[in-house]
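Quick notes on the structure that follows.
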Amino acid sequence: MTVTDYCAMALFVFLWMAYAWITGQKRILKRTSLTMAMAERRREWILNSLTRDLKMIDTQIMGGLQNGTAFFASTTIFAIGGCFALLGATEQVDAIIKDIPYIVQGGRAAFEMKVSGLIALFAYSFFKFGWSYRLFNYCTILFGTIPMMAEAEKDPARSREAAEITIRMNIIAASHFNAGLRAIFYSIGYLGWFVSPYIFMLTTVLVFIVLLRRQFFSEARLALLSDRER
């Protein structure tokens, strides 16, 4: 490990934390992020459920959210298994790397440490997806506490409170899902470290820029927002 490696790792952690902070703010430079815009749409969806007795639509949406979360959780398990297999083949990989001229040779210990870091990334992602799946499950149960239309009209305060609790749980579950997805995105930048610390810094910055663009300047964001909100 060189000073450049430590600097690259510090940049990686800084940009990861900076991105999480930026997208968690309601507005940055007078622009709403895609994540915050979707949080508002989640709120509108659950509040709309107060105006209908049939909740099959809502349960289908929740099922889709859970299925997507479960898919990514299982994907990270496979990724972790692949990383452990890579650790078991360190000697073979090291021999291949030595024949590639543009890859900085760091030795076996450095390679194993980098793979271990990749395992930690996927493990973090798995726990985030696993917790998100469980929270979405809780959210499905909370939907059952939202009163039917007739009861909601009799006691609007109670029905609104039940909806707000469900909204908060749904947004929290989504935030954990986004954190797991963020780790997967940044793992792409992390792969640059296997070439050189300079490539690591470059790929990390590129991932940061791409994600920021999708949050604040993408067509998906524009599709969610009205002219007043943009």
Side-chain angles (χ1 to χ4, degrees), residues 16-17 19-28 32-78 80 121-186 211 214-216 218 220-226 228-229:
W16 185 341
M17 295 177 65
Y19 176 77
W21 181 83
I22 290 171
T23 55
Q25 304 303 306
K26 288 189 176 181
R27 293 181 75 85
I28 293 291
T32 303
S33 68
L34 179 62
T35 297
M36 298 308 296
M38 273 306 305
E40 288 302 314
R41 297 301 175 262
R42 291 173 190 274
R43 177 179 295 277
E44 291 176 8
W45 154 45
I46 295 174
L47 289 178
N48 282 340
S49 69
L50 292 172
T51 63
R52 56 176 177 268
D53 282 336
L54 299 178
K55 299 293 194 291
M56 285 86 76
I57 296 174
D58 307 301
T59 55
Q60 287 178 345
I61 295 173
M62 289 303 308
L65 293 174
Q66 284 186 298
N67 290 336
T69 306
F71 168 78
F72 281 104
S74 60
T75 300
T76 55
I77 288 292
F78 288 122
I80 291 171
L121 276 176
F122 289 129
Y124 169 86
S125 182
F126 169 76
F127 279 109
K128 283 295 183 180
F129 287 132
W131 185 238
S132 175
Y133 183 88
R134 189 171 185 179
L135 293 183
F136 278 130
N137 184 47
Y138 290 164
C139 192
T140 304
I141 296 171
L142 289 173
F143 255 110
T145 67
I146 298 178
M148 295 297 182
M149 285 182 60
E151 296 179 15
E153 290 174 357
K154 293 179 182 178
D155 193 352
R158 175 178 171 272
S159 60
R160 179 74 183 217
E161 181 183 6
E164 288 293 339
I165 292 173
T166 308
I167 290 167
R168 288 198 296 270
M169 183 64 73
N170 194 277
I171 291 175
I172 293 170
S175 68
H176 284 280
F177 177 83
N178 289 335
L181 206 57
R182 187 184 310 130
I184 291 181
F185 288 146
Y186 271 90
L211 293 181
R214 291 180 176 179
Q215 283 287 341
F216 294 100
S218 64
R221 174 186 172 276
L222 293 177
L224 283 177
L225 301 177
S226 63
R228 176 179 55 82
E229 294 172 315

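- Side-chain atoms of R41 come within 3.5 Å of backbone atoms of L224 as a donor-acceptor pair (strictly under, hydrogens ignored).
- Note that CD of Q66 and OG of S132 are 9.0 Å apart. Values are rounded to the nearest 0.5 Å.
- Here the side chains of F126 and T75 are not in contact, with every heavy-atom distance at 4.5 Å or above.
- Rounded to the nearest 0.5 Å, atoms OG (S74) and OH (Y133) are 11.0 Å apart.
- For the atom pair CD1 of I165 and CG of N170, the computed distance is 13.5 Å after rounding to the nearest 0.5 Å.
- Between N48 and T51, the shortest heavy-atom contact is O-OG1, 2.6 Å.
- Between A163 and L47, the closest heavy-atom pair is CB-CD2, 4.0 Å.
- Atom CD of E40 sits about 9.0 Å away from atom OG1 of T32, to the nearest 0.5 Å.
- The ring pair (Phe, Tyr, Trp, His ring centres under 6.0 Å) contacts involving residues 155-175 comprise nothing, where partners must be two or more places apart or lie in separate chains.
- Note that the CD atom of Q215 and the CE atom of M38 stand 11.0 Å from one another [nearest 0.5 Å].
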N/O donor to acceptor pairs below 3.5 angstrom from side-chain atoms of residues 135-148, sequence neighbours left out:
from	atom 1	to	atom 2	distance (Å)
Y138	OH	R134	NE	2.7
Y138	OH	R134	NH2	3.1
T140	OG1	F136	O	3.0
T145	OG1	L142	O	2.5

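- In this structure, the side chains of M169 and T166 stay at 4.5 Å or more apart for every pair of heavy atoms.
- In this structure Y19 satisfies the ring-ring contact (aromatic ring centres under 6.0 Å, His included) test with no other residue, sequence neighbours excluded.
- Take R158 and apply the salt bridge (charged side-chain N to carboxylate O under 4.0 Å, His left out) test, not counting sequence neighbours, and it matches no residue.
- Distance check, rounded to the nearest 0.5 Å: CZ of R221 to OG of S33 gives 8.5 Å.
- Scored by the side-chain contact (heavy atoms from CB on, under 4.5 Å) test, I171 finds A39, R42, I167 as partners (sequence neighbours excluded).
- Qualifying salt bridge (charged side-chain N to carboxylate O under 4.0 Å, His left out) partners for E164, counting only residues two or more places apart in sequence or in other chains: R43, R160.
- Among residues two or more places apart in sequence or in another chain, the ring-ring contact (aromatic ring centres under 6.0 Å, His included) test is passed with F129 by F72, F177.
- For T23, the side-chain hydrogen bond (donor to acceptor under 3.5 Å, both in side chains) test picks out no residue, with sequence neighbours left out.
- For D58, the side-chain hydrogen bond (donor to acceptor under 3.5 Å, both in side chains) test picks out W45, R52, with sequence neighbours left out.
- The side-chain contact (heavy atoms from CB on, under 4.5 Å) search around Y124 returns W16, K128, A179, A183, not counting sequence neighbours.
- Residues satisfying the side-chain contact (heavy atoms from CB on, under 4.5 Å) test with F122, not counting sequence neighbours, are A79, I80, C83, L118, S187.
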